[in-house]
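Numbers restart at 1 for each chain; the letters A, B, ... are given by sequence-line order, proteins then strands.
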Amino acid sequence: MYNECCVWGQEGWRVSLAISALLSVAQRTCQGLQLLVGSCAEECYLESDQTSLYHAAKGLMTLQALYGTIPQIFGKGECARHVANMMIRMKREFPGSQNSIFPVFDTLLLLDRNVDLLTPLATQLTYEGLIDEIYGIQNTYVKLPPEKFAPKKQGESGKDLPTEPKKLQLNSAEELYAEIRDKNFNAVGSVLSKKAKIISAAFEERHHAKTVGEIKQFVSQLPHMQAARSSLANHTSIAELIKDITTSEDFFDNLTVEQEFMSGIDTDKVNNYIEDCIAQKHPLIKILRLVCLQSVCNSGLKQKVLDHYKREILQTYGYEHILTLNNLEKAGLLKPQTSGRNNYPTIRKTLRLWMDDVNEQNPNDISYVYSGYAPLSVRLAQLLARPGWRSIEEVLKMLPGPHFEERQQLPTGLQKKRQHGENRVTLVFFLGGVTYAEIAALRFLSQMEDGGTEYVIATTKLINGTSWIKSLMEKLEPAPF
Amino acid sequence: MYAGAGPVVPGSDAAMKGAGTQQTLPALRGILQFQMSLDCPLRYKRLTIEVLLDRLVLRRLYPLAIRICEYLRLSEIQGVSRILAHWACYKVQQKDKSDEEVAHAINQKLGDTPGISYSEIAARAYDCGRTELAIKLLEYEPRSGEQVPLLLKMKRSKLALSKAIESGDTDLVYTVVLHLKNELNRGTFFMTLQNQPVALSLYRQFCKHQERETLKDLYNQDDNHQELGNFHVHSSYSEKPSSTIWVFAARGFPPSPCSGRVGALQNAVDEYYKAKNEFAAKATEDQIKLLRLQRHLQEDFDKPYLDLSLHDTVSNLILDGHHKRAEQLYRDFKIPDKRYWWLKISALANRGDWEEMEKFSKSKKSPIGYLPFVEISVKHHNRYEAKKYAPRVTPEQRVKAFVLVGCAADAAIEHKNETEMNFVLSKCTASTDTAVVEKLNRARAQLLKK
């Protein structure tokens, strides 16, 4: 059973206060701490503004005041280094604040978003990930088209269909949602049909209840069964809505190209599908995601290819996007190949990012969340726990930013002795945003039998490819005539 | 009146030893009252520890006060730190000792005792006019953020800036930067920022939102032509166009930072060339060309064209039947064939001009094949037209085309191709296509028999 803690704040003090309030409620079962601090991506990477990092560091100090000093800090990326430095400095500035709380977290892992630019660009394929990609989840709420949610009454005419979007809350207090949210979408159908059978059977029990005692028992179960049935109805409708999209030709073609790029096929040429989509003026964000994905999977594009794409985009969607293209280059998403070498194949092979034999129904590896691609960021966390980063030293150097390890002194009485079979607890903090698919992947690792590590996730923001690219776009509108 | 060093009270240590707090307190009060003489009426029943300590401190009986704190096991922050802070503040007023000595003595005594604010002590020193001493004391202050306000007061702004950056608190950095802006002249201000990249980025952000013109100066100082180019592009979108500017911006007139959209874009072109960004320069030149053209189109056709993308401009022209003009743009802007063909058939379909589309399809071999023609026709619910193009589609795409048109089953049966039949079957829905499904199943069975 796990909950989310959604903490959001623009200023540091609100973040700190909100954390303390929620943490005291959530305790150890909390697996997702979300500190939504402003607009981290544009600030850090476009404008070199480290305000959100400062708040992240302050948030972490508050966390340590409540949950004990974290003895080991690992990190990768410039922002990670900066946050760690600030944490160490802040600790020094308050020397009398040594607390005597037994540490809950063994390790803190700080990761810059730009260490893994690939993952947010790919289309997420978990149930929750797809809901976010298609409809957008805001603070655990989602707004859906109402047609499939109208109660079916016999003889009802079309005029009574609701026009307001249906608003639903999605969290793991809802049993069914907790079960399916992290599954690959292709595995959701069978869960729903199994559930339908169970609930039907439960309702059928009323025919078997003969004695007053049995009837009474049935009636007492009724509210729970009704809740389960309504939950099933909602998620069946949502799954139908998603299925309409995932079975469309357009979705299939788009996914095919994504997977070709991620498995390293033809990343150095202009792609026909992308050209055709531009020619038919498909939504700009879709195009940007694809060209950026190609660029990242090629460690940058050849100047000719890059210029061709840029020209196509400006001519089709308008010159006003020239500054957006500039931003994407600054953020490292769509840039020319500088070193003449493509590092991606080495990174992909060493970290096993592309897994051909993925099992969507009963996964044995985190690559199920993208049906074949293992999120780079989560792989780094996985390898840190076992066997450690020393084994991938060369590959780490190819990824941007420094990597480091810091140790914080614990008073002698508080040093943790690990019991046999007890898991380590690692807090993974994503600086610059995290996707639902990455969260699902980390939860998967936590649940693995011989995993040895339990993960708690914190982030500055929840993102998907669309919201992320949007935040990097420059809106230019001409003054009216 | 007692003055000077702490009191010597015979037996006081003995009185303090081995007795609980409850018993000690009245004893303490008694002793102290005796020592401190009775010129102030002491209601010793109401005398709390804090007040007691305060009175001791006031009389500068620091050692005694500290010993009482230690004996009563008060936490450092409540007890000793407070006393020491008071002592230090008193010490800085001693004019007879040098700054060095005083600072050293204070640091010796205070060390790293928690709860002491060196900045407060430094502030006191500054108030006494001992600026150098204040700075020395500030060195011991571990919290950089605390050092900043005093440093600003002491007019050590550059040092304040370094400390603010060290603390990581961007609000603090902003405060210092804006303070510097008012204090220094422009040149010195920019030079100071140059040496502090963090402060520079923050100031740039501030300018982006509040003072765009200053951004230009900052970039000029850096010779950052790429950003200057971007700056001009941005300005061109917030400029209001005026008719006179069109005259100025005509070719041949020497480029100068004149207001107006095209003017701003021309400035951008120059900066992009300086930055060796050929792509951006050419793209911007194209945009200037396009804007001029759109202006003419607007005048000629009395319809909005300005600020549309090239694609939309051509599309609108075709929609309105101005095919020659559209062709002109296709040539002038070197639109790739594939893209132009997609554009044209979409626009023609929107216009419902099937005749023109057919003519176009025969004008030369289609660079996009003929499946798009089928798709577009079907999208506009025109099966009749779609059927015309289906036969011209390449063999691999033929089944797909026929599925769209609705006579796929017949084609597959004609070709005696099992794969094609399976493909068509997969596209059939049970309810509507029962006849088709039957037909196909029969044909497939026949095939398998052979």
Asker: So, for H311(B) and A279(A), which heavy atoms are closest and what is the spacing to 0.1 Å?
Answerer: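 In this case the closest contact between H311(B) and A279(A) is CE1-O, 3.7 Å.
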Asker: Any donor and acceptor pair, going by atom type alone, linking the side chain of S309(B) with main-chain N or O of T316(A) inside 3.5 Å?
Answerer: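 Checking the backbone N and O of T316(A) against the side chain of S309(B), a donor-acceptor pair under 3.5 Å is found.
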Asker: Which answer fits P336(B), side chain, backbone, both or neither, if we ask what part of it has an atom under 4.5 Å from a heavy atom of chain A?
Answerer: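 Only the side chain of P336(B) comes within 4.5 Å of chain A.
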Asker: Under a 4.5 Å cutoff for heavy-atom pairs, which residue among P197(B), G168(B), S315(B) has the most contacts with chain A?
Answerer: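 Ranked by heavy-atom pairs under 4.5 Å with chain A, first place is G168(B).
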Asker: In terms of side-chain geometry, is the basic nitrogen of E275(A) or K338(B) positioned less than 4.0 Å from the acidic oxygen of its partner?
Answerer: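 A salt bridge links E275(A) with K338(B).
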Asker: Do R311(A) and F279(B) have side chains that approach each other closer than 4.5 Å (heavy atoms only, starting at C-beta)?
Answerer: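 Counting from C-beta outward, R311(A) and F279(B) do come under 4.5 Å.
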Asker: Take a 6.0 Å sphere around OH of Y273(A) and say whether it holds more than 12 heavy atoms from other residues, nucleotides or ligands.
Answerer: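 Yes - once you tally the heavy atoms of other residues, nucleotides and ligands closer than 6.0 Å, there are more than 12.
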Asker: Let me confirm one number: the CG-CE distance from D169(B) to M86(A), rounded to the nearest 0.5 Å.
Answerer: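 Answer for the CG-CE pair, D169(B) versus M86(A), is 9.5 Å.
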Asker: Looking at K281(A), I want to see if its NZ is surrounded by more than 12 non-hydrogen atoms of other residues, nucleotides or ligands under 6.0 Å.
Answerer: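 Buried by this count: over 12 neighbours within 6.0 Å.
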Asker: Step by step, work out the side chain to side chain donor-acceptor pair (under 3.5 Å) result for Y319(A) and T284(B).
Answerer: CA-CA 8 Å; Y319(A) 172 80; T284(B) 313; 2.9 Å; yes
Asker: Which atoms of L265(B) are under 4.5 Å from chain A, going by heavy atoms: the side chain, the backbone, both sets, or neither?
Answerer: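 Side chain only.
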Asker: By salt bridge (Lys or Arg N to Asp or Glu O under 4.0 Å), which residues pair with D307(A), not counting sequence neighbours?
Answerer: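 Once residues adjacent in sequence are excluded, D307(A) has no partner under the salt bridge (Lys or Arg N to Asp or Glu O under 4.0 Å) criterion.
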Asker: What distance do D307(B) atom CG and E320(A) atom CD have between them, rounded to the nearest 0.5 Å?
Answerer: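 Answer rounded to 0.5 Å: 7.5 Å.
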Asker: In Å, rounded to the nearest 0.5 Å, how long is the span from OH of Y54(A) to CG of L172(B)?
Answerer: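 Y54(A) OH to L172(B) CG: 8.0 Å, rounded to 0.5 Å.
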Asker: What part of Y340(B) gets within 4.5 angstrom of chain A, counting heavy atoms only: side chain, backbone, both, or neither?
Answerer: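 For Y340(B), no heavy atom lies under 4.5 Å from chain A.
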Asker: Can you confirm whether L343(B) sits close enough to Q280(A) that some side-chain heavy atom of one is under 4.5 Å from a side-chain heavy atom of the other?
Answerer: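 The answer is no, as the side chains (C-beta and beyond) never meet within the 4.5 Å cut-off.
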Asker: Nearest 0.5 angstrom please: L476(A) CG to S238(B) OG, how far?
Answerer: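 Those atoms lie 8.5 Å apart.
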Asker: With rounding to the nearest 0.5 angstrom, report the CG to CD distance, L202(B) to Q50(A).
Answerer: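 Between L202(B) CG and Q50(A) CD, I get 8.0 Å after rounding to 0.5 Å.
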Asker: Suppose we screen for salt bridge (Lys or Arg N to Asp or Glu O under 4.0 Å). Which residues come up paired with R89(A), at least two apart in sequence or across chains?
Answerer: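 Scan of R89(A) (salt bridge (Lys or Arg N to Asp or Glu O under 4.0 Å), adjacent residues dropped) gives E93(A), E166(B).
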Asker: Is it the side chain or the backbone of K334(B) that comes within 4.5 Å of chain A heavy atoms, both, or neither?
Answerer: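 Contact with chain A is through both the backbone and side chain of K334(B).
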Asker: Using only atom types and a distance under 3.5 Å, with no angle test, would you say the side chain of Q287(B) pairs donor to acceptor with the backbone of G318(A)?
Answerer: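 No; zero donor-acceptor contacts below 3.5 Å.
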Asker: Non-hydrogen atoms of chain A under 4.5 Å away: do they reach the side chain of E227(B), the backbone, both or neither?
Answerer: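 The side chain, not the backbone.
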Asker: Give, for atom OH of Y272(B) and atom CD1 of I322(A), the distance between the pair rounded to the nearest 0.5 Å.
Answerer: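 Nearest 0.5 Å value for the OH-CD1 distance: 4.5 Å.
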Asker: Taking every non-hydrogen pair under 4.5 Å, which of R339(B), R204(B), Q226(B), K282(B) racks up the most with chain A?
Answerer: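 Among the listed options, the one with the most contacts to chain A is R339(B).
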